[in-house]
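Heads up: the structure comes next, in structure tokens.
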Amino acid sequence: MDKSKRTFLKSKRSFRRRLPPIQSGDRIDYKNMSLISRFISEQGKILSRRVNRLTLKQQRLITIAIKQARILSLLPFLNNEKQFERTESTTRTPSLRARKR
């Protein structure tokens, strides 16, 4: 076979279809935190439709529910878990002008 004809042959890999992220019985609501938390990144950002594998209508409903949960303080706007503590290297030392007095 020529190389030009080989490029058009499909590979016969097995393909396993993923389950949809939202089942038909799931209600998209701001109170359903177990469902909403699956569509938020570690930083607290709303994941895109392509990553979530949602329909356009489902993505809109998820976005509205997340925003409502944020406003009602059920979810944080930002999820920064870093504790900002001062170490000895960042503490202020008296300036040279104050020492000369």
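When reading the values below, keep in mind they use all heavy atoms of this one structure, side chains included, and skip hydrogens, waters and symmetry mates.
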Assigning hydrophobic clusters by single linkage (Ile, Leu, Val, Met, Phe, Trp, Tyr; side-chain heavy-atom cutoff under 4.5 Å), is Leu72 placed with Ile36?
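Yes, because Leu72 and Ile36 connect within a single hydrophobic cluster, where side-chain heavy atoms sit under 4.5 Å apart.
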Find out if a path of hydrophobic residues (ILVMFWY) with successive side-chain heavy-atom gaps under 4.5 Å connects Tyr30 to Leu54.
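The answer is yes; both residues are in one hydrophobic cluster.
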Nearest 0.5 Å, please: how far is CD in Gln58 from CD1 in Ile28?
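Taking CD1 in Ile28 and CD in Gln58, the distance rounds to 5.5 Å.
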Are the side chain of Asp26 and the backbone N or O of Ile22 linked by a donor-acceptor pair below 3.5 Å?
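Not confirmed, Asp26 side chain does not pair with Ile22 backbone.
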Exercise answer: donor-acceptor pairs, residues 61-70 side-chain atoms, under 3.5 Å, sequence neighbours excluded:
{"residue": "Thr63", "atom": "OG1", "partner": "Gln59", "partner atom": "O", "Å": "2.7"}
{"residue": "Arg70", "atom": "NH2", "partner": "Gly44", "partner atom": "O", "Å": "2.4"}

Side-chain contact test, heavy atoms from C-beta onward, threshold under 4.5 Å: evaluate it for [X] versus [Y] and give yes or no.
X: Ile46; Y: Phe39; value: no
X: Leu56; Y: Arg49; value: yes
X: Leu75; Y: Met33; value: yes

